[in-house]
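Both ligands and their constituent atoms are indexed starting at 1 by order of listing.
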Amino acid sequence: MDAREMKIKAAAAALEYVEDGMRLGIGTGSTAEEFVRLLAEKVAAGFRIEGVPTSERTARLCLELGVSLKSLDELPELDLTIDGADEVDGQLRLIKGGGGALLREKIVAAASKRMIVIADETKVVDVLGAFKLPIEVNPFGQVATRIAIEKVASRLGLSGDITVRQSHDGAFLTDGGHLILDASFGRIPDADALAGELNAIPGVVEHGLFIGIASLAIIAGPQGARTLTAS
Ligand SMILES: O=C(CO)[C@H](O)[C@H](O)COP(=O)(O)O
């Protein structure tokens, strides 16, 4: 089974949790897009959901495939969000934001009764941090914000390069017009503490540590899909 087949497996298993009439948060990234494709087939066959996308990219795909959307302001309380992740640990703590949508993803997941993560085996880790931690910052004062991030990281025994994410034509800008700093901290033994410290830095809009948000992960491997709950 190749990587795409594993993503489709996880997405198909997640679809089983979606009920007719649900208000659904729809994630961002290649795994979430496989979910959108399968969801669109069901919608075409008469299944009804009201979807709230976590990014402009996901919104475009949904509209292209006939999945009707509402804004989070129109539907501020959701039943379920299905989204991918860059890393998942045994407590269902996540690193997200590889696709740059972490702010909307976190707002949408937090507005949902439940968040289910879909991922392939390669995303499961013992300790978060091999994947660079995305930190969304306001462009104003970005250097001061980076220095503040370095200081809190250092207090927690973390160090490593922090770089401004680039796109083909300059700095990558999120859907909200912010920058992403990618922090190469390596292993993050106390993700809860780091999340709290990052939340307290004024220029940090949001960070990619999702803690206490997901309640189930569907992990696909060559043998099929399995579920993970916080241990
Ligand atoms: O957080 C995300 C986007 O901001 C994605 O969910 C994460 O990057 C996983 O993407 P993929 O399914 O393509 O590996």
Hey, does Gly97 come in under 3.5 Å of ligand 1, counting only N/O atoms on both sides?
->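 Min N/O separation from ligand 1 is below 3.5 Å for Gly97.
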By number and element, which atoms of ligand 1 are closer than 4.0 Å to a non-hydrogen atom of [X]?
X      : value
Gly100 : 4 (O)
Asp86  : 1 (O), 7 (C), 8 (O), 9 (C)
Glu105 : 1 (O), 2 (C), 3 (C), 4 (O), 6 (O)
Asp83  : 6 (O)
Gly98  : 1 (O), 4 (O), 8 (O)
Thr31  : 11 (P), 12 (O)
Thr28  : 2 (C), 3 (C), 5 (C), 6 (O)

Considering only NZ, NE, NH1 and NH2 on the basic side and carboxylate oxygens on the acidic side, decide whether Glu56 and Arg104 come within less than 4.0 Å.
->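 Salt bridge: yes.
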Around Glu74, counting heavy atoms of other residues, nucleotides and ligands shown, do more than 12 lie under 6.0 Å from its CD?
->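 More than 12 within 6.0 Å, yes.
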Select one of side chain, backbone, both or neither to describe which atoms of Ser55 lie under 4.0 Å from any atom of ligand 1, heavy atoms only.
->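 Neither part.
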Which one holds for Lys7 and ligand 1: side chain close, backbone close, both close, or neither close, with close meaning a heavy atom under 4.0 Å?
->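 Answer for Lys7: neither.
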Considering only non-hydrogen protein atoms, determine which one is nearest to atom 14 (O) of ligand 1 and report residue, atom name and distance to 0.1 Å.
->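 Going by distance alone, atom 14 (O) of ligand 1 is nearest to Lys123 NZ, 2.7 Å.
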Qualifying side-chain hydrogen bond (donor to acceptor under 3.5 Å, both in side chains) pairs, either residue in residues 36-45, two or more places apart |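 Residue pairs with at least one partner in residues 36-45: Glu34-Arg37.
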Carefully, step by step, assess Asn199 and Glu206 under the rule side chain to side chain contact (heavy atoms under 4.5 Å, CB included).
-> CA-CA 7 Å; Asn199 287 338; Glu206 196 43 86; 4.0 Å; yes
What closest approach, in Å, do Leu72 and Val108 show between heavy atoms, and which atom pair accounts for it?
->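 That would be CD2-CG2, 4.3 Å.
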Please name the residue in the list Ile149, Ile211, Leu158 that meets the side chain to side chain contact (heavy atoms under 4.5 Å, CB included) test with Leu194.
->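 For Leu194, the side chain to side chain contact (heavy atoms under 4.5 Å, CB included) test succeeds with only one of Ile149, Ile211, Leu158, which is Leu158.
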Quick one: which of Ala10, Gly84, Gly99, Ser30 has a heavy atom closest to atom 11 (P) of ligand 1?
->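 The option holding the nearest heavy atom is Ser30.
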Could you list the residues that satisfy side-chain hydrogen bond (donor to acceptor under 3.5 Å, both in side chains) with Lys113, not counting sequence neighbours?
->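 Listed in chain order: Asp79.
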Do Leu69 and Ile49 share a hydrophobic cluster (ILVMFWY, side-chain heavy atoms under 4.5 Å, transitive)?
->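 The answer is yes; both residues are in one hydrophobic cluster.
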